[in-house]
Amino acid sequence: MSHQQKQRRIKTTSQLEPITYGDVFNVQGDLAEKPVTPKDASMMQRAETALLGRTQRGGAASLMQSAASWNARSGLFYGGSYDGSISGIDSDSSDNDSYSDEVENGGGSRDVITIGEALEAAALTAGQKPVERSDAAAIQAAEVRATGRTTIIPGGVAATAQSAAIRNARMNSDADKAKLADILTDAASKFPSDKEVTRRDAEGVAGAEMRNDPDLTTYPAGISASITAAARLNEKN
């Protein structure tokens with residue numbers, strides 16, 4: 001994070017504002033206004049390590065770590081002094097298992113990744129990809145497995161993805177098409193229920209994406225890749 005970017009986050013009233021995704025990445029909409037948190041940075045590091053083998057220098061995880069570190073150091077998340085580290089983030093370790101969070105439906109610590117969280121990671125790794133039929137199919141498979149419902153939720157993540165894929169198919173310019181980030185940002189919060197990712201979930205989502213792709217393939221760093229990476233991490237934990 002450059003000195004200019006940090007200075008830009010300081011108001012004339014001397015009140016600090018957190019560094020957002022819009023400050024770090026070329027994103028728009030609600031995601032652009034979302035502050036980069038230590039939890040997000042930790043999740044991205046884990047996803048990037050699972051997908052690429054290690055955290056990439058200058059990559060998405062590295063940028064998010066810098067942003068989250070500055071936010072935490074400024075007291076924007078912890079409201080206190082900063083000791084130079086963030087719990088759950090270790091840029092020198094590819095197998096960091098200290099990531100933990102409170103389970104929303106009952107509390108308690110966990111070190112597993114849910115389907116909703118894996119979809120949120122895909123919004124960061126492939127957020128600027130236009131939504132296609134294969135993406136919508138993968139999202140639907142993920143939503144069904146996360147919620148345990150046999151049908152998609154009206155107005156939910158999968159339904160929105162299907163509508164976006166249909167609209168995008170009628171457009172010629174990618175610039176005007178709905179992107180994965182538009183659909184998957186805060187996906188976990190849009191599910192009435194969620195569950196940790198398993199290998200069976202990953203196989204189901206990957207199969208749905210492949211069956212609906214013209215070349216019978218999955219998109220690198222896309223939805224099924226993120227779900228698969230999460231399943232592998234959960235198995236390790």
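Along the sequence shown, residues carry numbers from 1. What you see is a predicted model, and the numbers here were worked out from it, not measured in a lab.
The closest donor-acceptor contact from the side chain of T218 to the backbone of A206 lies at 3.5 Å or more, if one exists at all. Between the side chain of K190 and the backbone N or O of T185, at least one donor-acceptor pair lies under 3.5 Å. Proximity of a side-chain donor or acceptor of T160 to a complementary backbone N or O of I183 within less than 3.5 Å is not detected.
For the atom pair OG1 of T217 and CE of M210, the computed distance is 7.0 Å after rounding to the nearest 0.5 Å. Rounding to the nearest 0.5 Å gives a distance of 14.0 Å between NZ of K177 and CD of Q128. One distance of note links CD of E196 with OG1 of T114; it measures 9.5 Å at 0.5 Å rounding. Distance check: I153 CD1 to E143 CD gives 4.0 Å after rounding to the nearest 0.5 Å. Interatomic distance, S224 OG to D135 CG, rounded to the nearest 0.5 Å: 9.0 Å.
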side-chain contact (heavy atoms from CB on, under 4.5 Å) assessment of I115 paired with K195: CA-CA 6 Å; I115 291 176; K195 65 179 286 290; 3.8 Å; yes
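Counting heavy atoms from C-beta on, the side chains of L119 and F191 come closer than 4.5 Å. Under the 4.5 Å side-chain criterion, counting only non-hydrogen atoms from C-beta, M171 is not in contact with P130.
Taking every heavy atom of both residues into account, A122 and S226 meet most closely at N-OG, 3.7 Å. Contact detail for L180 and V131: the closest heavy-atom pair is N-CG2, 3.8 Å. Considering every non-hydrogen atom in both Y219 and E209, the closest pair reads N-OE2, 2.8 Å. The two residues A181 and A123 come nearest to each other via the heavy atoms CB-O, 3.9 Å. Smallest separation of non-hydrogen atoms from A118 and V197: CB-CG2, 4.3 Å. Listed here is the closest heavy atom pair of A231 and T198: CB-O, 3.5 Å.
A single hydrophobic cluster is not seen to contain both V157 and L124; linkage of ILVMFWY side chains at heavy-atom distances under 4.5 Å, directly or through other members, places them apart. Note on I227 and I113: separate hydrophobic clusters, where clusters join Ile, Leu, Val, Met, Phe, Trp and Tyr whose side-chain heavy atoms are under 4.5 Å apart, directly or indirectly.
Taking R199 as the reference, E235 meet the salt bridge (charged side-chain N to carboxylate O under 4.0 Å, His left out) condition, with sequence neighbours excluded.
Between E117 and K39 there is a salt bridge, with a side-chain nitrogen of the basic residue lying less than 4.0 Å from a carboxylate oxygen of the acidic one. Taking 4.0 Å as the cut-off between side-chain N and carboxylate O, K179 and D182 do not count as a salt-bridged pair.
Of the listed residues (Q140, R133, E132), just one forms a side chain to side chain contact (heavy atoms under 4.5 Å, CB included) with N212, and that residue is R133.
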